[in-house]
Amino acid sequence: MPLLTQHLPGDDEQYSLVASLDNVRNLSTVLKAIHFQDHATCFATVNGIKVTVEKAKCVQANAFIQAEIFQEFKVQEESVTFRINLGVLLDCLSIFGSSPMPGTFTALRMCYQGYGHPLMLFLEEGGVVTVCKINTQEPEDTLDFDFCSTNVINKVILQSEGLREAFSELDMTSDVLQITMSPEKPYFRLSTYGNAGSAHLDYPKDSDLMEAFHCNETQVNRYKISLLKPSTKALVLSCKVSIRTDNRGFLSLQYMIRNEDGQISFVEYYCCPDEEEVSKSEP
Amino acid sequence: MKFRAKIVDTACLNNFTRVSNMIAKLAKTCTLRISPDKLNFILLDKVANGGVSMWCELEQENFFNEFQMEGISEENNEIYIELTPENLSRALKTAQNARALKVKLTNKHFPCLTISIELLSISSSSRTVTHDIPIKVIPRKLWKDLQEPTVPESDVSIYLPVLKTMKSVVEKMKNISNHLIIEANLNGELNLKIETELVCVTTHFKDLGSPPLASESPSQSRNLEEMAEVRIDIRKFLQFLAGQQVNPTKALCNIVNNRVVHFDLLHEDVSLQYFIPALS
């Protein structure tokens, strides 16, 4: 058992959050998937940690790391919230190298004393120990997208490989990505309108890549490409993605990420529709 | 003034290539000193380079099968030239799997170090690639500035941990800070430390060991736990680590508290000394 995950009795009471992990990559990989802004808010409850990143009040990314992923996970209060610089956190978590030799693991022990205190990280690999003291900041209110499953109109679940190529080759000269979801043809269509003309990509509903298809009515919504592009980071790491839109045209992308130990974590992106298009597409 | 030398052994050729690649990573321009039994690559204490010094030494007989030189005079049987190590390293790229390599001092409109590489070929006809590397001959009166730096009395001497681990740690630290503190004691502990407004990161290496102390050294009476430290430019340190493609047989770190850190590396046939001054 790595040095740091060995439990020392009695030293945990002073901390409102203590988490240990045998393989730090199970945490860092998921956090990398939402790293498009440095300001991140962390919420910890007995169920696990949620890390939230936002941009332009229009897009929000959440990474969920369940308590079961950790070898030890203790939260003393009902919930623990703090803001942290995600870039610095990721540099610290990968201090022993981001592409280590197969078979070598960096162990992590993470402690937080509470409001006003720094987040302490203890990392160990091959007998070398790194201690990081990252200052935390006043948590800010995060956006509430009020995305409720009862209001969901259309939903598809795709194998990520089916969407990966499409996203990595998005025509960035187009301002928007238009998503069409419909119970009838074209079922599920991605469209861009760039300098070199428009491009449409259709996924038939009986495609092998389509794991589930629940579309109730035709919806055509546009989203700013610049807001969706960061989600490619999560897409690359994920095995499945669920795409949902609600009655207001809000988009939810849920990525299922399998870690090196076969456990599942989730990353979720919310994005609001491009406003001009909302008025146009509504009858 | 004359210099010509030849390598025919593949292992020696690869070794020489490795040395010149390392020098190319460590210095933009440097001095090459040629003497009857040694070659030295020298970079000395120029403020423009951040005050970093390098002294690399190879015994010529470990590399060259033929070696002839005549210095500027009988009593000063040495040659000092200035060159861009990147040019040498690039020229030697052609020399992988070569049959032989010749180095020669020439004057083709301007002074050159000419590298001729005899390549292997399937047919009996041989092919030769020649690189002319422009150089500057350094006059006798400037030699005195290019002598081996004296190693200051260090407060702590300690063996370095595996350089690859250090390199990945320092690479990440460079993303966060421009300065790095190296501290070590005589109890085998070495710490790499950065401190910014946002974050403090310390990596602890232990059980490193120290070389046996020379009697009369000031560190004799030193408390084993007491740390000696230097704050240095993190890029200079990373540059030094990035130049080390092979883990050396011996790697020693000497710290003069708040003044300079001196790295002393010994490979099979090459020794490298590297000095990084402390930031004020």
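Each chain gets a letter, A, B and so on, in the order its sequence line appears, and its residues count up from 1.
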Legend entry - Separation between SG of C92(A) and CD1 of I194(B), rounded to the nearest 0.5 Å: 7.0 Å
Inset, instruction - List in chain and number order the residues that pass ring-ring contact (aromatic ring centres under 6.0 Å, His included) with F73(A), two or more places apart in sequence or in another chain; answer none if no residue qualifies. - result: F70(A)
Legend entry - Best-contacting candidate, L90(A), I95(A), L119(A), V128(A), against chain B by heavy atom pairs under 4.5 angstrom: I95(A)
Inter-chain donor/acceptor N,O pairs below 3.5 Å: chain A to chain B:
{"residue": "D91(A)", "atom": "OD1", "partner": "N175(B)", "partner atom": "ND2", "Å": "2.9"}
{"residue": "S98(A)", "atom": "OG", "partner": "K172(B)", "partner atom": "NZ", "Å": "3.0"}
{"residue": "V129(A)", "atom": "N", "partner": "H204(B)", "partner atom": "O", "Å": "3.2"}
{"residue": "V129(A)", "atom": "O", "partner": "H204(B)", "partner atom": "N", "Å": "2.6"}
{"residue": "T130(A)", "atom": "OG1", "partner": "T203(B)", "partner atom": "OG1", "Å": "2.8"}
{"residue": "V131(A)", "atom": "N", "partner": "T202(B)", "partner atom": "O", "Å": "2.7"}
{"residue": "V131(A)", "atom": "O", "partner": "T202(B)", "partner atom": "N", "Å": "2.8"}
{"residue": "K133(A)", "atom": "N", "partner": "C200(B)", "partner atom": "O", "Å": "2.7"}
{"residue": "K133(A)", "atom": "O", "partner": "C200(B)", "partner atom": "N", "Å": "2.9"}
{"residue": "N135(A)", "atom": "N", "partner": "L198(B)", "partner atom": "O", "Å": "2.8"}
{"residue": "N135(A)", "atom": "ND2", "partner": "E197(B)", "partner atom": "O", "Å": "2.7"}

